Amino acid sequence: MDKFIITIDGPAGSGKSTIAKLLAKKNGFVHINSGAIYRALAYVLDKNVDREKLANLNLELSLKGNSIKVFCDGEDITDRLQSEAIGRVASKIAQIGFVRDYVNKKVRDLTETGKFVIDGRDCGTVIFPYADVKIFLVADLKERARRRAFETGENFDEVLRIIEKRDKEDSERDIAPLIKPDDAYEVDTTGKSIEDVYNEIMGINRRVYDNRNS
Ligand code: C5P
């Protein structure tokens with residue numbers, strides 16, 4: 001098997017990255033978090049992104065173990081990208097066509113051969129329409145906010161407010177809106193442990209794999 005792609009999408013805080021990391025780790029896949037690239041652009045360029053700045057940017061993605069690290073001018077910035085404030089700027093600049101082209105190319109360049117779990121908007125529709133397995137995670141708004149606040153150490157009410165706004169913006173935007181691909185499997189993570197969600201997704205993977213080989 002030269003190439004196998006699992007895509008994971010869903011709203012902010014639905015558990016995309018957590019489950020993608022676990023799937024990659026337990027099955028020897030590489031996890032690519034495409035949102036991290038938008039976040040890196042937001043962190044480095046803020047809202048003032050233009051074609052020239054993007055062309056001159058020295059942003060590199062490097063595979064490290066089961067995941068990717070983001071470097072800017074040779075410096076590892078991966079751990080500085082998690083705040084909701086950066087998430088909101090990322091969501092804004094992710095609406096610009098040439099920014100999406102830049103990120104999509106970076107992701108495709110990394111995934112020529114190998115086994116990958118990729119999470120992020122439109123990875124199951126635009127970047128990898130022929131992905132082997134597509135998962136769409138959903139979860140109750142409050143639970144998503146709780147998870148994010150726990151992860152980032154930010155205030156729950158503030159995170160709730162920002163996520164609600166981001167959900168609306170992500171769903172209503174014209175370019176790459178938050179939508180479930182027709183052929184994706186929806187998995188509701190509300191009230192479920194990470195192991196439960198993992199097992200559910202592995203069950204789906206197995207069914208797809210068995211169907212293909214029967
Ligand atoms: O998933 P994460 O919260 O890191 O993504 C930050 C924002 O980047 C999302 O709210 C979304 O608007 C945008 N994004 C996107 N396409 C992707 C990944 C993320 O538009 N493939």
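By convention here, the first residue in the shown sequence is residue 1. All ligand and atom numbering here is 1-based and tracks the order in the structure. None of the values given here were measured: they were computed from a predicted structure.
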Among protein heavy atoms, which lies nearest atom 13 (C) of ligand 1, and at what distance?
-> Ala94 CB, 3.8 Å

Identify, by atom number and element, the atoms of ligand 1 in contact range of Arg39, meaning under 4.0 Å from any of its heavy atoms.
-> 2 (P), 3 (O), 4 (O), 6 (C)

Under 4.0 Å from one or more heavy atoms of Gly35, ligand 1 contributes atoms 4 (O), 5 (O), 18 (C), 19 (C)

Could you walk me through whether Asn27 and Met202 pass the side chain to side chain contact (heavy atoms under 4.5 Å, CB included) test, one step at a time?
-> CA-CA 10 Å; Asn27 296 281; Met202 286 309 287; 3.3 Å; yes

Can you list the atoms of ligand 1 that are under 4.0 Å from a heavy atom of Asp170?
-> 9 (C), 10 (O), 11 (C), 12 (O)

Have a look at ligand 1 and work out which part of Lys16, if any, has a heavy atom under 4.0 Å from it: side chain, backbone, both or neither.
-> side chain

Give a yes or no on whether the backbone of Lys3 and the side-chain of Lys115 come within a donor-acceptor separation of less than 3.5 Å.
-> no

Can you pull out the closest protein heavy atom to atom 17 (C) of ligand 1? Residue, atom name and distance to 0.1 Å, please.
-> Arg121 N, 3.1 Å

State whether Asp210 and Arg206 are salt-bridged, where the test is any N-O pair (Lys NZ or Arg NE/NH1/NH2 against Asp/Glu carboxylate O) under 4.0 Å.
-> no

So which protein heavy atom does atom 6 (C) of ligand 1 come closest to, and at what separation?
-> Arg166 NH1, 3.6 Å

Does NZ or CZ of Lys26 come closer than 6.0 Å to the centre of the six-membered ring of Tyr198, within 45° of the ring's axis?
-> yes

Does Arg88 come within less than 4.0 angstrom of ligand 1, counting non-hydrogen atoms of the residue?
-> no

Name the closest protein heavy atom to atom 14 (N) of ligand 1, giving the residue it belongs to and the distance to 0.1 Å.
-> Tyr38 CD1, 3.7 Å

Less than 3.5 Å between some nitrogen or oxygen of Asp119 and one of ligand 1, yes or no?
-> no

Between Arg39 and Ser83, is there a donor-acceptor pair closer than 3.5 Å when you use the side chain of the first and the backbone of the second?
-> yes

Could you walk me through whether Ile135 and Lys16 pass side chain to side chain contact (heavy atoms under 4.5 Å, CB included), step by step?
-> CA-CA 9 Å; Ile135 304 291; Lys16 298 188 290 282; over 6 Å; no

Would you mind listing which atoms of ligand 1 come within a distance below 4.0 Å of any non-hydrogen atom of Arg173?
-> 12 (O), 15 (C), 20 (O)

Do Arg173 side-chain atoms and Ala176 backbone N/O form a donor-acceptor pair below 3.5 Å?
-> yes

May I have the step-by-step check of side chain to side chain contact (heavy atoms under 4.5 Å, CB included) for Arg144 and Arg148, ending in yes or no?
-> CA-CA 6 Å; Arg144 290 190 283 126; Arg148 263 292 150 91; over 6 Å; no

